[in-house]
Protein chains: 2
Amino acid sequence: MRKTVNRTKVHIMRAAIELFSIQGFGSTSIREIAEKANVNSALISYHFKNKQGILERIMIEYFEGLFRRFDSSREGQTEEVIDYFDELMRLVKTVIGFQCEHQAVTRIIQRELSVDSMLVREVMSTYIAKLKSVFAALFEKGIQEGQFQEDLNQEMKLIHILSSIFFPYFNPQIVREVFYVDPMSEEYIEEYIDYLSKIWSYHFKKVEFC
Amino acid sequence: MRKTVNRTKVHIMRAAIELFSIQGFGSTSIREIAEKANVNSALISYHFKNKQGILERIMIEYFEGLFRRFDSSREGQTEEVIDYFDELMRLVKTVIGFQCEHQAVTRIIQRELSVDSMLVREVMSTYIAKLKSVFAALFEKGIQEGQFQEDLNQEMKLIHILSSIFFPYFNPQIVREVFYVDPMSEEYIEEYIDYLSKIWSYHFKKVEFC
DNA sequence: GTCTATATATTGATAGAC
DNA sequence: GTCTATCAATATATAGAC
């Protein structure tokens with residue numbers, strides 16, 4: 001791949017991300033994207049086939065990046081995981097951090113994931129399913145090792161965790177305009193993680209009786 | 001208002017709701033709506049001014065309906081609320097029930113609320129703010145009456161509650177295709193409410209020491 | 001309130017020169 | 001890889017008859 005190729009592709013992607021996130025996919029035209037990217041509109045068809053093609057690349061790069069992040073954050077770690085609850089919170093922190101770094105794309109993906117299409121079903125069955133299985137595997141191990149409770153409904157836990165992680169970053173405007181806090185700020189993140197940790201530690205961890 | 005007026009308006013609204021919820025607002029054209037509603041396309045401009053006008057009515061009717069439901073569900077009740085946690089869960093149940101009854105509109109609203117526009121900001125500052133204040137007032141009273149803890153961050157509680165209520169009904173597809181359960185089913189609702197109740201009761205209620 | 005007819009703009013996508 | 005030029009389809013919106 002030559003540099004010129006990437007430069008145009010990247011410019012188109014960046015412009016598309018900004019516009020999709022503000023106006024929505026359906027309300028954004030190829031011409032608008034080309035204009036914002038300072039690129040000839042014909043190049044979009046050339047590089048991405050069509051508008052849907054841009055969204056596809058945006059989604060794929062996002063999730064590939066997320067799972068790469070998972071791997072790299074596991075690198076400097078000792079083989080044996082000791083505390084599975086810590087591991088859970090580390091994972092949550094990684095996802096939230098990634099979502100903050102990619103605010104616009106996060107918003108686009110969550111929004112477009114609620115629309116019916118082939119692309120959406122594929123993303124669901126690969127990436128979201130994979131994300132779920134990462135958490136599910138963690139809980140399974142935690143239970144095996146006797147660190148986690150197994151009385152609560154496991155599926156509910158996972159749905160609940162995804163809700164908690166996704167929602168504030170899918171709709172940061174609600175958080176900002178109704179709660180007057182910025183979900184992307186360091187303070188908020190720390191406080192939110194802290195909150196979730198408190199809530200969850202009691203219900204997920206196996207209790208030592210008093 | 002005459003009957004004929006309403007019939008057309010209702011048909012247009014119904015068709016728009018179905019299309020918006022499946023394809024998204026931006027990807028749906030006035031013509032499509034008119035066709036699905038078996039109505040002349042010019043009538044949309046006549047009744048709603050433009051496409052945005054339909055969305056506006058959809059949103060307003062939804063939230064007006066929700067708050068009317070709040071009022072009516074409070075009717076047959078004794079003046080003095082005794083258990084504020086029960087009251088909280090009753091409120092949660094009401095919202096979730098309402099969301100189930102209006103699946104399509106719920107999806108549309110959550111999705112379009114993540115897009116930037118005047119309409120969205122208005123809906124946020126009126127309806128979502130009002131929804132928040134309903135929960136906030138409940139917590140305040142619960143604390144005053146010595147039934148609720150006040151150690152946890154109150155704002156986080158509210159964000160967390162809204163996340164838990166909204167997310168599964170904003171994106172039921174994730175729940176269905178990844179978790180293989182239907183968030184609209186009686187069983188799910190009961191189990192989910194039960195789960196939330198368990199999680200929250202420990203952290204929100206004032207504990208009687210063991 | 002509802003229709004036909006139409007004006008006008010914008011859409012996504014491609015063919016072919018460079 | 002990038003451009004110009006252009007197509008056919010579709011968009012929203014309105015004027016005026018009924």
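A, B, ... follow the sequence lines: proteins, then strands. Residue 1 opens every chain.
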>> Measuring from the side chain of A42(A) (C-beta onward, heavy atoms only), which nucleotide among dG1(C), dA15(C), dA13(D) has the closest atom?
In response: dA15(C)
> Checking all strands, does I30(B) fall into the base, sugar-phosphate, or nothing category for heavy-atom contacts under 4.0 angstrom?
Replying inline: sugar-phosphate
> Looking only at heavy atoms, what is the nearest atom pair of L66(B) and F98(B), with distance?
Replying inline: N-CZ, 3.4 Å
> Is T8(A) near enough to dT2(D) that one of its side-chain N or O atoms lies under 4.0 angstrom from OP1 or OP2?
Replying inline: yes
> Hey, do the aromatic rings of Y188(A) and Y192(A) have their centres closer than 6.0 Å?
Replying inline: yes
> Should S29(B) be listed as having a side-chain N or O under 4.0 Å from OP1 or OP2 of dA11(D)?
Replying inline: yes
> Picking from H203(B), K157(B), E155(B), H160(B), what satisfies side-chain hydrogen bond (donor to acceptor under 3.5 Å, both in side chains) with Y195(A)?
Replying inline: H160(B)
>> Which nucleotide wins on minimum distance to the side chain of S45(B), given the candidates dT2(C), dA13(D), dT14(C)?
In response: dA13(D)
>> Expressed as a whole number of angstroms, how long is the span from N50(A):CG to dG12(C):C1'?
In response: 9 Å
> Which part of the nucleic acid does S27(B) contact within heavy-atom distance under 4.0 Å: base, sugar-phosphate only, or nothing?
Replying inline: nothing
>> For N40(A) and E32(B), find the nucleotide of DNA chain D closest to each by heavy atoms; which residue's nucleotide sits nearer the 5' end?
In response: N40(A)
> How many Å lie between CG on N38(B) and P on dT2(C), as a whole number?
Replying inline: 13 Å
> dT10(D) P sits how many Å from I33(B) CD1, rounded?
Replying inline: 16 Å
> Is E32(A) reaching over with its side chain to a backbone N or O of S29(A), donor-acceptor style, under 3.5 angstrom?
Replying inline: yes
>> Rounding to an integer number of Å, can you tell me how far K9(A) NZ sits from dT2(D) P?
In response: 11 Å
>> Take a 6.0 Å sphere around CZ of R14(A) and say whether it holds more than 12 heavy atoms from other residues, nucleotides or ligands.
In response: no
> CZ of F48(A) versus P of dT14(C): gap in Å, rounded?
Replying inline: 16 Å
>> Whole angstroms only, please: what is the NE2-C1' distance between H47(B) and dT14(D)?
In response: 16 Å
> Taking CG from N6(A) and C1' from dT2(D), how many angstroms apart are they, rounded to a whole number?
Replying inline: 16 Å
> Between L43(B) (CG) and dA5(C) (C1'), how many Å, whole number?
Replying inline: 15 Å
